[in-house]
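When reading the values below, keep in mind they use all heavy atoms of this one structure, side chains included, and skip hydrogens, waters and symmetry mates. Order of listing sets the numbers, starting from 1, for every ligand and every atom in it. One is the number of the first residue; the rest follow in order along the sequence.
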Amino acid sequence: MYPKIVIDLNKLTENAKIISQKCHEHNVTMMAVSKSYCADPKVTAAFVAGGVDYIADSRLDNLALAKGINLPKVLLRLPSLSEVDKVVELTDISLNSELTTIAALDLAAKKLGKAHQIILMIDLGDLREGIWPSDFDSTVRQILTHQHIKLVGVGVNLTCYGGIIPKHDNLSQLAALAERLKSNYQLDIQIVSGGNSSSYYLLDKGQMPATINNLRMGESLVLGYETAYGKPIAGTHQDAFQLQAEIIEKKSKPSMPIGEIGRDAFGNIPSFEDKGQMVRAILSIGRQDVKVENLLPIDANIHILGASSDHLIVDITDVANRYQLGDIVTFNLEYGALLSLMTSPYVKREYK
Ligand SMILES: *Cc1c(COP(=O)(O)O)cnc(C)c1O
């Protein structure tokens, strides 16, 4: 049955081994981030076998899937006020930046008779989540008034909204705030979380400030890339997830549509380059299942022309005699494609 995503669990374990070993060599613990693969339990188990230290996700539904795993669960997205009870129930640690939410978590924790741990997020310029550094002391003082909340760390997220690259400079600001918690508040914090897969390269370069002792790794685990500069991580696999889709039409057609051009299925006015007659194949997958721009055909002679909700059109002119109706075309994936494919209920999964 196609389309299908083929998942090589051994390759994923190897990715996790290489990355967690590198982290551990630098006294950095590692959170495995499961959102890109919708927390598929088999994939998470493969990462656990590779030696990760925490399971982390933005979504509570995903963390619920990891319930049976004996590692701390971390909620990455700031908790919604409407879900604080579930946060306390399902997770050990959450990332936070709002005092109102932290107060609500405190009440929820009291109700459930359970302490809840938080990491205070600091915005160092990427402009997604986090308190502004100048609000640090007032925020910490407020947090410390809550009896059922334990401030266990500080963290930063970069290269997500603003595209800001983690450097020794900006991460040193985080390190300095962590030091301040120790010296000014006598807090023995366990976690100084220096970012996501885009911070990994600093380990290789020996530029990670020594105080940083945790990273939250998603894309690097699943696809084997550090994401500051988009380089493959030595020894890891970039093809642990592959898409296979089936050819449902193969015909020679012109490259230019015929007639007046209006809007395509998504309301955009398309434009075309005249490449003459070409051999085109249609695959039974579309934008409802996958972010087409993030598909990388393994056969470099296949070129993606476009897609509607349920059809993907490829140019196979250069390899026309190699592909017939019913044949399977295989793709490697970039992050957006992995995310969409794992989210689509129409895409089957095969494990090997
Ligand atoms: C998604 C996410 C991560 C993981 O990011 P990658 O770039 O996939 O490594 C880490 N931290 C937070 C807060 C996230 O939302």
Side-chain angles (χ1 to χ4, degrees), residues 12 15-16 18-20 22-23 28-40 43-44 47 50 52-63 66 72-80 87 91 93-98 101 118-131 153-166 170-171 174 191-204 208 212-233 236 238 240-241 291 294 333-340 342-343:
L12 291 170
N15 284 5
I18 287 174
I19 293 168
S20 61
K22 168 76 77 178
C23 288
V28 168
T29 59
M30 197 251 276
M31 298 181 180
V33 176
S34 58
K35 65 196 185 198
S36 69
Y37 59 91
C38 298
D40 180 320
V43 175
T44 299
F47 288 149
V52 308
D53 305 300
Y54 300 79
I55 306 296
D57 206 292
S58 302
R59 295 164 197 270
L60 289 173
D61 287 344
N62 285 352
L63 287 168
K73 314 296 178 316
V74 183
L75 180 65
L76 293 175
R77 186 165 60 189
L78 308 175
S80 307
V87 174
T91 77
I93 307 175
S94 60
L95 275 46
N96 284 272
S97 69
E98 288 284 3
T101 308
I118 65 169
I119 294 175
L120 179 61
M121 294 302 279
I122 318 292
D123 192 332
L124 295 179
D126 198 59
L127 306 187
R128 203 177 77 176
E129 73 273 49
I131 63 162
V154 289
V156 67
N157 197 57
L158 294 163
T159 342
C160 263
Y161 172 72
I164 298 302
I165 291 184
N170 43 25
L171 291 189
L174 181 71
I191 301 175
V192 186
S193 191
N196 54 43
S197 298
S198 66
S199 296
Y200 185 82
Y201 83 101
L202 291 168
L203 296 177
D204 271 334
M208 188 69 83
I212 305 292
N213 66 8
N214 174 267
L215 291 177
R216 311 177 305 271
M217 305 296 254
E219 181 163 355
S220 51
L221 284 177
V222 287
L223 295 176
Y225 287 98
E226 65 78 26
T227 56
Y229 300 101
K231 301 244 168 57
I233 294 171
T236 63
Q238 284 70 49
F241 292 88
K291 188 153 181 282
N294 295 143
L333 310 176
E334 293 177 331
Y335 190 79
L338 175 66
L339 191 69
S340 46
M342 294 301 285
T343 308

Quick test: of every protein heavy atom, which one is nearest to [atom], and how far off is it to 0.1 Å?
| atom | value |
| --- | --- |
| atom 11 (N) of ligand 1 | Arg216 NE, 2.9 Å |
| atom 5 (O) of ligand 1 | Asn196 CB, 3.3 Å |
| atom 15 (O) of ligand 1 | Lys35 NZ, 2.7 Å |
| atom 12 (C) of ligand 1 | Asn157 OD1, 3.6 Å |

Min side-chain heavy-atom separation Met30-Leu221 under 4.5 Å
yes

Taking the side chain as every heavy atom from C-beta outward, state whether Leu215 and Met208 have any atom pair closer than 4.5 Å.
yes

Contact region, Arg128 to ligand 1, non-hydrogen atoms below 4.0 Å, reads side chain

Contact partition for Glu129 relative to ligand 1, non-hydrogen atoms under 4.0 Å
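Looking at Glu129 and ligand 1, just side chain atoms fall under 4.0 Å.
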
For ligand 1, which is the ligand I care about here, please tell me if [X] has any N or O atom under 3.5 Å from one of the ligand's N or O atoms.
| X | answer |
| --- | --- |
| Ser220 | no |
| Glu219 | yes |
| Gly218 | yes |

Ser197, Gly130, Ala32, Ser36: member with heavy atom nearest to atom 6 (P) of ligand 1
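Result: the heavy atom closest to atom 6 (P) of ligand 1 is in Ser197.
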
Would you mind listing which atoms of ligand 1 come within a distance below 4.0 Å of any non-hydrogen atom of Met217?
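Selected atoms, number and element: 9 (O).
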
Distance col, row Met121:CE vs Leu174:CG, nearest 0.5 angstrom, shows 8.5 Å

If you measure from CG on Leu76 to CG on Leu95, what distance do you get to the nearest 0.5 Å?
6.0 Å

Indicate yes or no for a side-chain donor-acceptor contact from Asn213 to the backbone of Thr29 under 3.5 Å, with no hydrogens or angles considered.
no

Distance only, no hydrogens: is a donor on one side chain within 3.5 Å (strictly under) of an acceptor on the other, for Thr227 and Tyr200?
no

Answer yes or no: are there more than 12 heavy-atom neighbours, outside Glu98 itself, under 6.0 Å from its atom CD?
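At most 12 heavy atoms, drawn from other residues, nucleotides or ligands, come within 6.0 Å of this atom.
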
Which of Ser198, Ser199, Ser197 passes side-chain hydrogen bond (donor to acceptor under 3.5 Å, both in side chains) with Thr159? It is Ser198

